[in-house]
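To keep things clear, I will list the structure first and then write my remarks on it.
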There are 2 protein chains.
Amino acid sequence: MPVTIYDVAREAGVSMATVSRVVNGNPNVKPSTRKKVLGAIEQLGYRPNAVARGLASKRTTTIGVVIPDIASPFFAELARGIDDIASMYKYNIILCDSDERIERELHLTNTLLEKQVDGIIFMGREITENHMQVFTTASVPIVLAGTKDPTGQLPSVDISHYEAGYDATRFLLERGHKRVAMVTGPLVDPLWGMRRFEGYKKALDEVGIMLKDSYVYNGDTHYESGIAAVEQFLSLVDQPTAIFAASDEMAVGVIHGLQDRGLRVPEDMEVIGFDNIRLAEMVRPRLTTVVQPMYDIGAVAMRLLTKYMNNEKVDHHIVLLPHRIEERQSTRAEVDHNDDIE
Amino acid sequence: MPVTIYDVAREAGVSMATVSRVVNGNPNVKPSTRKKVLGAIEQLGYRPNAVARGLASKRTTTIGVVIPDIASPFFAELARGIDDIASMYKYNIILCDSDERIERELHLTNTLLEKQVDGIIFMGREITENHMQVFTTASVPIVLAGTKDPTGQLPSVDISHYEAGYDATRFLLERGHKRVAMVTGPLVDPLWGMRRFEGYKKALDEVGIMLKDSYVYNGDTHYESGIAAVEQFLSLVDQPTAIFAASDEMAVGVIHGLQDRGLRVPEDMEVIGFDNIRLAEMVRPRLTTVVQPMYDIGAVAMRLLTKYMNNEKVDHHIVLLPHRIEERQSTRAEVDHNDDIE
DNA sequence: CTGAAAGCGCTAACAG
DNA sequence: CTGTTAGCGCTTTCAG
């Protein structure tokens, strides 16, 4: 039989209310009795029951996290950001893999709510009406991380996929390329797929280049897609001279696909990726890529959640973190056109 | 105010006990009243409070997982195995990053115990006396995954690091190499570091090759270590002709370090890694490596934990999963010496 | 500064 | 098949 607060009270010769006070660091306890209680706790090996506390206080100091796949480097890094900030604020995390299946996402969210989590961080590709419906029945705050809801009602932390897609394409265009191909993510995915692709189109459009369907390969974000994309691009008469892949894994697949066919990167083909997972530095040539602050997205989302949980005022419920391009060796060093003469 | 079981009871015109029964799928309820209750639940939008249930039933259907770093591909894969089996058995997971800091590991374990988890899966590099002490105060089962305690008392699921280290070295030796170097993990780590290294020594010893200190580089499991190791090995007069790295990341670092110096793999140097994380296939040449069944270690550990939680009989509390070598292109295809003539 | 007492929402005997 | 009745272990007024 585990020792309870009542046992400690008896041992220390005080009431359970007093024990509760010292356990919770309430200052209204005379030092001498505090010491007595602490002694009893130590002696009995008392360990507070957080479930009972949760029931009585209606706070569990636990938050729920719904994640597509913890084995994905991208999401794992996000999760790390969440966990670090959570532990800083003394929260624990219930982690649930959704496999990106909507009905599972909804089910998990409900389970989390049943477990009385104090808040939820939700990661997923797409936010549907069904999601909104479940989310609104929640009595605790929910923030989206690495995604955003179409209606803009929910708090969220993400980057601008559109801008990022635009910038990556623009980066290639500014190097003089006229034939820029793209390996997209699944287009059913509104942000990672569609928005990045729209950014690509915008950039092309802006310089008056017509979108060519054969320059677009619809990938699934994984390595093999990159290799497959190369197959398609190299079969064309007017092969592209630069490729923008919507994920680093695909970009590395592209590089290897190219190298397997005897082409050199960046000499024969320039390649830019997206995300900046660690893999980007573990390939030759090292990958130039759009840096997404994955860890920060998680960390900021968690921080935002704490604000909601503490009823603090928040200025912007939708936060877009900055992205940038990290130039490495899969693209050529740009010639500096603006040498000032000294 | 959230709706409680009591509200449902009133709405349905039954007692809360009956509501509890239908919620918990107890068969002893007349279909007609079950329907009534279900209707009330639906109408009121009732959502059972798992915390209250946990307090009353002394089971939380939640388990705790202590992990060194969820952003590590190796542990993330393990975590995935755990989560999949856990969700199959209707358990949720409280995930805690320990950063491999012992005092944090102990603290987290205690927190998990306070939260009344039904069991714990512990991942870490080393199990000390302090660990054992905390573990024994737990009234719920604890199983180790990807590690093993020195005394062999705790249930655990892992591979034989010694055998694996031996096999990898032997693999190289059998290809005729006399100068085989090793990039180890931290030797303070008894399993990943020391045991694999001991396997290496054993294999050398067996064929009468003297261990050379300069052929051993003490890495930290990460990519950069591999590159640094190459520096050391290539500075020697009698350079090694094959390298065994105790992690895939280091092995890929080795490959790139070699390539950066103009050497070819496997022509000039053969390389074998350890783990078989996805990266092993995303490098050129693809990495030959010791396959560790990461997902399975997690899955089996979780399965084992369910047995303990249900008081089922378990035959072996220490399970060693098989490892094997996956030959890819970082080692030469072996000549077949045993061609039978037909 | 400390104690008494009333729940938190649910499960689990125990009756009936 | 269904209702009654105790708690589960702790927090939280409210008195004193």
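What you see below is based on every heavy atom in this structure, not just the backbone, and it leaves out hydrogens, waters and symmetry mates. Letters A, B, ... mirror the listed sequences (proteins, then strands); counts begin at 1.
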Let me know, please, whether A:N49 or B:K30 comes out on the 5' side of the other along DNA chain D by nearest nucleotide. B:K30
When every non-hydrogen atom of B:D118 is compared with those of B:M309, the smallest separation belongs to O-SD, 3.2 Å
Counting only side-chain nitrogens and oxygens, does [X] get under 4.0 Å of the OP1 or OP2 atom of [N]?
{"X": "B:N24", "N": "C:dT11", "result": "yes"}
{"X": "A:S57", "N": "D:dT11", "result": "no"}
{"X": "A:S15", "N": "C:dA4", "result": "no"}
{"X": "B:T18", "N": "D:dG3", "result": "yes"}

List in numerical order all residues of residues 31-46 of chain A for which some heavy atom is under 4.0 Å away from an atom belonging to DNA chain C. A:T33
Hey, does A:V14 reach any base, or is it just sugar-phosphate, or nothing, if we go heavy atoms under 4.0 Å?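 Contact class for A:V14: sugar-phosphate only.
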Hey, does B:N28 reach any base, or is it just sugar-phosphate, or nothing, if we go heavy atoms under 4.0 Å? base
Just the rounded figure in Å: distance from [atom2] of [N] to [atom1] of [X].
{"X": "A:K115", "N": "C:dG9", "atom1": "NZ", "atom2": "C1'", "result": "16 Å"}
{"X": "B:N26", "N": "D:dC1", "atom1": "CG", "atom2": "P", "result": "10 Å"}
{"X": "A:R10", "N": "D:dG9", "atom1": "CZ", "atom2": "C1'", "result": "14 Å"}
{"X": "B:K58", "N": "C:dA13", "atom1": "NZ", "atom2": "P", "result": "12 Å"}
{"X": "A:I5", "N": "D:dT12", "atom1": "CD1", "atom2": "P", "result": "11 Å"}
{"X": "B:M16", "N": "D:dA6", "atom1": "CE", "atom2": "P", "result": "13 Å"}
{"X": "A:Y6", "N": "D:dC8", "atom1": "OH", "atom2": "P", "result": "11 Å"}
{"X": "B:L55", "N": "C:dT11", "atom1": "CG", "atom2": "C1'", "result": "10 Å"}

Should we count CD of A:E42 as having more than 12 external heavy atoms under 6.0 Å? no
Step through the shown structure and confirm whether more than 12 heavy atoms of other residues, nucleotides or ligands are within 6.0 Å of CD on A:E129. no
Select one nucleotide: of [options], the one nearest the side-chain heavy atoms of [X].
{"X": "B:R21", "options": "C:dA13, D:dC10, C:dC10", "answer": "C:dA13"}
{"X": "A:P2", "options": "D:dG9, C:dC10, D:dC10", "answer": "D:dG9"}
{"X": "B:S20", "options": "D:dG3, C:dC10, C:dT11", "answer": "C:dT11"}

Output yes when a side-chain donor or acceptor of B:T60 lies under 3.5 Å from a complementary backbone atom of B:Q116, and no otherwise. yes
Do NZ/NE/NH1/NH2 and the carboxylate oxygens of B:R303 and B:D296 come within less than 4.0 Å?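 Answer for the salt bridge query: no.
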I'd like to know if B:R10 pairs up with B:D7 as an ion pair, taking the criterion as any Lys NZ or Arg NE/NH1/NH2 lying under 4.0 Å from an Asp or Glu carboxylate oxygen.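 Here B:R10 pairs with B:D7 in a salt bridge, since their nearest N and O are under 4.0 Å apart.
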Are a donor atom and an acceptor atom from the side chains of A:T62 and A:K115 found within less than 3.5 Å of each other? no
Contacts of type ring-ring contact (aromatic ring centres under 6.0 Å, His included), residue A:F74, not counting sequence neighbours: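 Residues passing ring-ring contact (aromatic ring centres under 6.0 Å, His included) with A:F74: A:W192.
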Is a donor-acceptor pair below 3.5 Å formed from side chain B:R47 to base C:dG9, judging by atom type as modelled? no
